[in-house]
Every structure is written in structure tokens, then in C-alpha cells.
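These notes are about the structure you will find just below.
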Protein chains: 2
Amino acid sequence: MGASKTENFTEKQNATAALLKALGHPARIAIMEYLLKTNACICGDIVNELPLAQPTVSQHLKELKNAGLIKGSIEGNAICYCIDDKAIQKIKQYFDAFNIKIEKKKSCC
Amino acid sequence: MGASKTENFTEKQNATAALLKALGHPARIAIMEYLLKTNACICGDIVNELPLAQPTVSQHLKELKNAGLIKGSIEGNAICYCIDDKAIQKIKQYFDAFNIKIEKKKSCC
DNA sequence: TATCTTTATCGTAATATTGCAATATTAAAA
DNA sequence: TTTTAATATTGCAATATTACGATAAAGATA
């Protein structure tokens with residue numbers, strides 16, 4: 001098949017999975033970490049930071065953007081990318097809640 | 001291609017991506033949430049909870065196990081699965097740190 | 001206007017993922 | 001020992017992902 005049966009899971013489960021899937025590639029982790037490391041948005045420059053060809057980087061940026069993890073704004077003939085705080089917060093909250101429930105359990109295995 | 005160029009990224013980036021990739025599927029999110037919801041390890045029962053055939057569920061469980069997100073111990077002819085706390089904590093710490101850095105930035109876009 | 005720079009898109013090859021039927025495995029139960 | 005129950009593995013079809021060369025698009029600059 002190759003296609004996930006998303007219709008059988010909750011909206012929330014699908015949304016969570018989509019966010020994490022977008023981060024589930026080393027290049028996209030590297031992009032996020034690079035955007036974080038620099039103290040402002042990055043115009044250009046991302047391609048030179050990564051060991052991948054320009055079209056490949058562009059594709060990864062698109063995926064991160066589709067997932068809502070980054071924003072891009074046009075700045076002359078370059079494009080400024082930066083992290084969308086809200087998406088990261090959503091993920092953080094998810095794992096915070098998850099972790100609290102784990103700690104309450106205390107446990108078997 | 002279809003294969004990620006992992007050799008060009010750091011160990012940490014690859015490891016982070018691998019963990020998040022394992023969670024980047026609604027069925028695997030559903031499995032984790034089900035394991036969390038119940039107050040102990042689950043022996044059997046997981047297949048009945050999910051809208052997928054038994055071999056498919058088994059495959060997803062295998063991936064979660066490979067990623068270190070769950071543990072499975074044999075219990076008679078059934079298998080007890082439960083969440084591996086350490087993996088979740090690793091992820092939580094990653095996003096905690098990430099979020100702290102984001103907040104320090106305050107920001108441009 | 002012509003050219004340069006930056007980013008996106010198209011097309012395509014290689015590989016990975018998803019899902020399931022059929023079957024194997026393993027241990028309990030009859 | 002045969003049967004039953006639970007889970008894993010195999011094999012395969014359908015689809016998705018990853019990567020990149022070639023090319024397009026769009027604004028800046030000469």
C-alpha cells in the first residue's frame with residue numbers, strides 16, 4: 001500500500017503524527033536546529049549549511065512549512081525562514097502531558 | 001533515491017530523527033496512547049484496539065520496539081508491551097531545550 | 001534590457017513504507 | 001499429543017519518500 005489509513009484514527013492522532021513525521025528526517029532536524037541556532041530568521045544560507053543539493057533542501061523546507069513548523073516570508077529575491085513557535089509548543093505540550101502520565105503510572109516492566 | 005543521507009548529519013540528529021520518525025504514524029501514536037491509557041503493560045489486546053490487521057499491528061510494534069520506544073516481555077504465550085520511559089524523556093528533553101531557546105530569541109517573523 | 005541570484009518546480013530513478021493474506025512459531029490448554 | 005490462542009515472519013502490491021539534474025520564476029543589479 002504505502003498510504004496510511006488515516007481515516008481510522010482521530011484528528012488529533014493524525015495531526016500529532018504529521019508533525020512528528022515532518023521532523024522525522026535528519027535533514028529537517030538539521031534545518032530546525034540551524035534556524036534555532038541563529039538569532040533571527042535566515043534569508044538564504046540554508047542551502048550552504050546542508051550537505052544536500054538545493055532542490056532537495058527546498059523540498060524539505062516545503063515539508064516543514066506544510067507541517068506548520070516554519071514560516072517563510074519573501075524578502076527581496078531571497079526568502080526568510082524561521083521557526084513557528086506555536087508548532088513546537090504544541091509538540092512540547094504533547095510530550096509534557098505524556099510524561100506526566102508516565103510518571104503517575106510507576107510501572108511494571 | 002528514497003534513502004536518507006544519514007552519513008552527513010550528526011549522530012544526535014540522526015537519533016532524534018529516528019525517534020520522531022517512529023512516532024510519525026497515526027497507528028504508532030495510537031499504540032503509544034493506548035499503552036499510556038492503560039495503567040499497566042498490555043498483554044494481547046492491542047490488535048483489537050486498532051483498525052488494522054494483526055500483521056500490520058505487529059509490524060508497527062516492531063518499529064516502536066526498534067526505536068526503543070516500547071519494551072516487550074514474553075508472558076506465557078502472550079507478550080506484554082509497555083512504554084519505555086527513557087525514550088519519551090529523551091524526546092521531552094529535546095523539545096524542552098528547543099523551546100527554551102525559542103523563548104530566548106523573541107523574534108522576527 | 002540583459003544578467004545574476006535565489007528559490008521553486010518538474011521529471012525521474014532508487015528506495016522505503018504501509019497494509020494484508022498466508023503461513024510460521026510458540027506456548028498454553030484440552 | 002492435538003488443538004487453540006497469540007504473535008511474528010514472509011511475500012507482495014500499492015504508494016510514498018528521498019535525492020538530484022534540469023529548468024523555471026521572480027526580483028535585484030549592472
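In what follows, chains are A, B, ... by sequence order, proteins preceding strands, each numbered from 1.
One atom, CG of B:Leu50, and another, C1' of D:dT7, lie 14 Å apart when rounded to the nearest Å. Rounded to whole Å, the distance from CG on B:Leu61 to C1' on D:dA8 is 11 Å. Distance, B:Glu75 CD to D:dA6 P: 14 Å, rounded to whole Å. In this structure, A:Lys62 places its NZ atom 16 Å from P of D:dA19, rounding to the nearest Å. In this structure, B:His25 atom NE2 and C:dT17 atom P are separated by 11 Å, rounded to whole Å. Nucleotide C:dT7 holds its P atom 9 Å from the CG atom of A:Asn48, rounded to whole Å.
With hydrogens and angles ignored, a donor-acceptor pair closer than 3.5 Å exists between the side chain of A:Asn77 and the base of C:dT5.
Side chain of A:Ala3, nearest nucleotide from D:dA8, D:dA16, D:dT18: D:dA16. Candidate nucleotides D:dT18, C:dT7, D:dA8 were compared by shortest atom distance to the side chain of A:Gln54, and C:dT7 ranks first. With C:dG19, D:dC20, C:dT7 as the candidates, the nucleotide lying closest to the side chain of A:Leu52 is D:dC20. Taking only side-chain atoms of B:Pro55, from C-beta outward, the nucleotide of D:dT18, C:dA22, D:dG11 with the closest atom is C:dA22. Picking from C:dT9, D:dA16, C:dA22 the nucleotide with the shortest atom distance to the side chain of A:Lys21 gives D:dA16. Side-chain proximity of B:Ile79 to the nucleotides D:dA19, D:dA8, C:dT17 is greatest for D:dA8.
Look at A:Ser58 and you'll find a side-chain N or O under 4.0 angstrom from OP1 or OP2 of C:dA8. When the side-chain nitrogen and oxygen atoms of A:His60 are compared with OP1 and OP2 of D:dA19, one or more of them lie within a distance under 4.0 Å.
As judged by a 4.0 angstrom heavy-atom cut-off over every strand, A:Ser4 is placed among residues touching the sugar-phosphate backbone only. The residue A:Lys65 sits apart from the nucleic acid: no heavy atom pair falls under 4.0 Å. Heavy atoms of A:Ile74 sit nowhere under 4.0 angstrom from any nucleic acid atom.
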